[in-house]
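To start, the structure itself, in structure tokens.
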Number of protein chains: 2
Amino acid sequence: MKPTILDVAKHAGVSKATVSRVINNNPKVNNEIRERVYAAIEELGYHPSAIARSLASSTSSTLGLILPDITNPYFPVLARGIEDAAHRLGYTLFISNTDNDPKIEQEYIQKMVHQQVGGIILISSILGEDKVNELQELQIPFVLCDRLIQGSPFDTVSIDNYKASYEAVTRLIEQGHTRICHLAGPSLVQSAEMRKQAYSDAMHEHGLESFVRIGSFTYEAGYQLMDSILAETKPSAVFAANDLIALGAMNAIHNRGLNVPGDIAVVGCDDILFAQMSNPTLSTISVPAYQIGVTAVELLVERMRGVKTSEARNVVVEHKFIQRESMNGEDPRT
Amino acid sequence: MKPTILDVAKHAGVSKATVSRVINNNPKVNNEIRERVYAAIEELGYHPSAIARSLASSTSSTLGLILPDITNPYFPVLARGIEDAAHRLGYTLFISNTDNDPKIEQEYIQKMVHQQVGGIILISSILGEDKVNELQELQIPFVLCDRLIQGSPFDTVSIDNYKASYEAVTRLIEQGHTRICHLAGPSLVQSAEMRKQAYSDAMHEHGLESFVRIGSFTYEAGYQLMDSILAETKPSAVFAANDLIALGAMNAIHNRGLNVPGDIAVVGCDDILFAQMSNPTLSTISVPAYQIGVTAVELLVERMRGVKTSEARNVVVEHKFIQRESMNGEDPRT
DNA sequence: ATGAAAGCGCTAACAG
DNA sequence: CTGTTAGCGCTTTCAT
């Protein structure tokens, strides 16, 4: 049998309470005794049971991560940031995929609550007011990544999707493009919605006409959408809601015998690994996914340690436009 | 406060034990009482605490996944298979990344043991005999993915790396290539080692000379390795230990003004999403990562439910060679 | 078929 | 500073 705290106590000739104090770094323990306990722990190869600890203290050493789909290349980087930060702070991480399905999302949130996680990092699709209320009743800290919600009571971390997208579209316009179309993500997804809105506004404010197609955040969707567009008309530039869509669009363009960026310029969003590996390389909005993950964990852990009082904090991290081969011309900033 | 089993018991006018029986689907409970308990559960919105359950029953509803790096595009698919299967069977999943560092790996295994996971799916780098013994002493079920070990006591799931690689190299040889080089993965990694071995054997058995370069499983490594090779000599084909390396090699070839497959054919392994998106598309060995994940969980859960007796099971899943544009010529099988 | 009681491994007052 | 005593929420004998 694995040794318990009682075994250690006996072995060291002290009480359970003292051992407990030692492993919790309680300062008021006599040094000599502390050493004895450490020795006993060492000799027996004792490790406290995280589960018993949680039950007794109703605290937790686990965090939950709920995201749409780890298979989408943007999320592994985010997840890695979260995982690294979580471990650094002493937490173990649960993970689950929702495919942006609100039902599944709800189910997994419940599941994690039953596992008594200390907090949850949520990359949610839609967050209506009712949903927010539900989450609040759970009485456990949440941090929202990427998908924000106006005036929610939760901490959030994200880039400024609106600003980033507005800039990207403006770049294209400045380079002389007028027939720019937008390949948008699912309208349930807040970030997709922001990007679309920014595109429309930018076009409108430059007296240009919007042309939007909506699909899922996948390569296939990008390919299909672009291919069907090319069947009717030929825009001079495409702003895609993410890199996967952009990459799909780029291939559709090639397969129609057209050239990127010669015939059509393409811009994506996220800066996934393959944006710099494609041919031509993909211009995109760089999103610091890893950093978003780290920040999310830090906010969450602060909350868990008792920052219940303070207001919701909305951290906006810096994005960066990356000009690569899929887009012509000078960087207007140089 | 969240309701406990005692609240439910009182509300239903029964004992805690009876409620426990109901939620555990113990058949010997009077139907009428069972209904009453269900009603009470419903009314109070009761959910059992997974943590208290584990402590009392010393069973567990959690699984651990320990892998090298979720950021490597092969692993998200594996992880998704594992996660889906785990949830389907009622388990919640812990995850952590080791970067193939044995120290970190050991640390995370310990961490999960302290979390009292019911079993662990491990994608380990090296597994010496000593390591195997260590794991066995933990007294908890392990399933090994991708990286096998001859005669280990653990269940394993993987493709036949040797056979798959031997086939791939043979394909190249059959297409007339004689100067084939191999870009291998880290020698600590068992799968990389098998692929290298198969390459060498295939070359040798066809009277050809081996030419191996070793690097990490990354795009950058592939690029660098290939670029340095081209500085000295020009092979006619490259077999890379994974797709990331292959993609890097392909770009290095392009940047030297050479053509794939015209000047040099390239073959990878894994069939990650981007193998079919690159230009030219990448020929590769398709590894059913999702299915490997699902199978691993199934084996693990069987073990957890008590298949302690049976021998280690080594499941070999089917790979498939996928010929795409990065390789010339007819499929020899057609 | 149901209840009473002990206990899983640990923490947390409360004394002293 | 250290030990004693209760639990945390649930499962699990053992009676009945």
Side-chain angles (χ1 to χ4, degrees), chain A residues 1-38 40-41 44-62 90 113-118 139-140 305-306, chain B residues 1-38 40-41 44-62 90 110-111 113-118 139-140:
Chain A
M1 272 318 271
K2 279 207 300 192
T4 74
I5 198 171
L6 185 57
D7 299 322
V8 176
K10 283 181 184 159
H11 198 90
V14 297
S15 74
K16 290 193 303 177
T18 299
V19 177
S20 175
R21 289 187 187 104
V22 169
I23 61 186
N24 287 298
N25 292 313
N26 186 321
K28 35 191 170 190
V29 176
N30 179 18
N31 265 325
E32 194 205 330
I33 293 196
R34 179 185 303 276
E35 290 311 321
R36 233 165 57 212
V37 171
Y38 276 138
I41 288 177
L44 299 180
Y46 166 76
H47 287 286
S49 153
I51 255 183
R53 276 178 125 163
S54 299
L55 186 58
S57 65
S58 57
T59 64
S60 172
S61 59
T62 59
V113 170
H114 305 157
Q115 293 291 347
Q116 215 157 108
V117 295
Q139 301 273 27
I140 113 169
R305 313 238 223 246
Chain B
M1 270 320 271
K2 278 206 300 191
T4 73
I5 198 172
L6 185 57
D7 300 321
V8 176
K10 283 181 185 159
H11 199 90
V14 298
S15 74
K16 291 194 301 176
T18 298
V19 177
S20 175
R21 289 189 186 100
V22 170
I23 61 186
N24 287 298
N25 292 314
N26 186 320
K28 36 190 168 191
V29 176
N30 179 17
N31 265 326
E32 194 206 330
I33 294 196
R34 180 185 301 277
E35 291 312 321
R36 231 163 61 212
V37 171
Y38 276 138
I41 289 178
L44 299 179
Y46 167 76
H47 288 286
S49 151
I51 255 184
R53 277 180 124 164
S54 297
L55 186 58
S57 64
S58 58
T59 64
S60 172
S61 58
T62 60
Q110 290 298 342
K111 227 172 169 175
V113 170
H114 304 157
Q115 293 291 346
Q116 216 158 109
V117 295
Q139 301 273 28
I140 113 170

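Naming convention: chains lettered A, B, ... in sequence-line order (proteins, then strands); numbering from 1 in each chain. Computed from heavy atoms alone, side chains included, the values below leave out hydrogens, waters and symmetry copies. Bear in mind the structure is a predicted one, so any value in this text is a computation, not a measurement.
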Choose from [options] the nucleotide whose nearest atom is closest to any side-chain atom of [X].
{"X": "A/Arg21", "options": "C/dC14, C/dC10, C/dG3", "value": "C/dC14"}
{"X": "B/Ala56", "options": "D/dT11, C/dG9, C/dT11", "value": "D/dT11"}
{"X": "B/Asn24", "options": "C/dT2, D/dG9, D/dT11", "value": "D/dT11"}
{"X": "B/Pro48", "options": "D/dC10, C/dC10, D/dT11", "value": "D/dC10"}
{"X": "B/Ile5", "options": "D/dC10, C/dG3, C/dC14", "value": "D/dC10"}

Quickly work out the [X] [atom1] to [N] [atom2] distance and round it to whole Å.
{"X": "A/Leu55", "N": "C/dG7", "atom1": "CG", "atom2": "P", "answer": "17 Å"}
{"X": "A/Arg36", "N": "D/dT2", "atom1": "CZ", "atom2": "P", "answer": "9 Å"}
{"X": "B/Lys28", "N": "D/dA15", "atom1": "NZ", "atom2": "P", "answer": "16 Å"}
{"X": "A/Leu6", "N": "C/dG9", "atom1": "CG", "atom2": "P", "answer": "9 Å"}
{"X": "A/Asn26", "N": "C/dC10", "atom1": "CG", "atom2": "P", "answer": "17 Å"}
{"X": "B/Lys16", "N": "C/dG7", "atom1": "NZ", "atom2": "C1'", "answer": "10 Å"}
{"X": "B/Gln115", "N": "C/dC10", "atom1": "CD", "atom2": "P", "answer": "13 Å"}
{"X": "A/Ile51", "N": "C/dT11", "atom1": "CD1", "atom2": "P", "answer": "14 Å"}

Does a side-chain N or O from B/Ser49 land closer than 4.0 Å to OP1 or OP2 of D/dC10, or not?
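No, no such contact exists.
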
Between A/Ser15 and D/dT4, is there a side-chain N or O to OP1/OP2 distance below 4.0 Å?
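Checking D/dT4 against A/Ser15, no side-chain N or O comes under 4.0 Å of OP1 or OP2.
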
Taking the nucleotide of DNA chain C with the nearest heavy atom to each, does B/Thr18 or B/Gln116 sit closer to the 5' end?
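Going by which nucleotide is closer to the 5' end, it is B/Thr18.
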
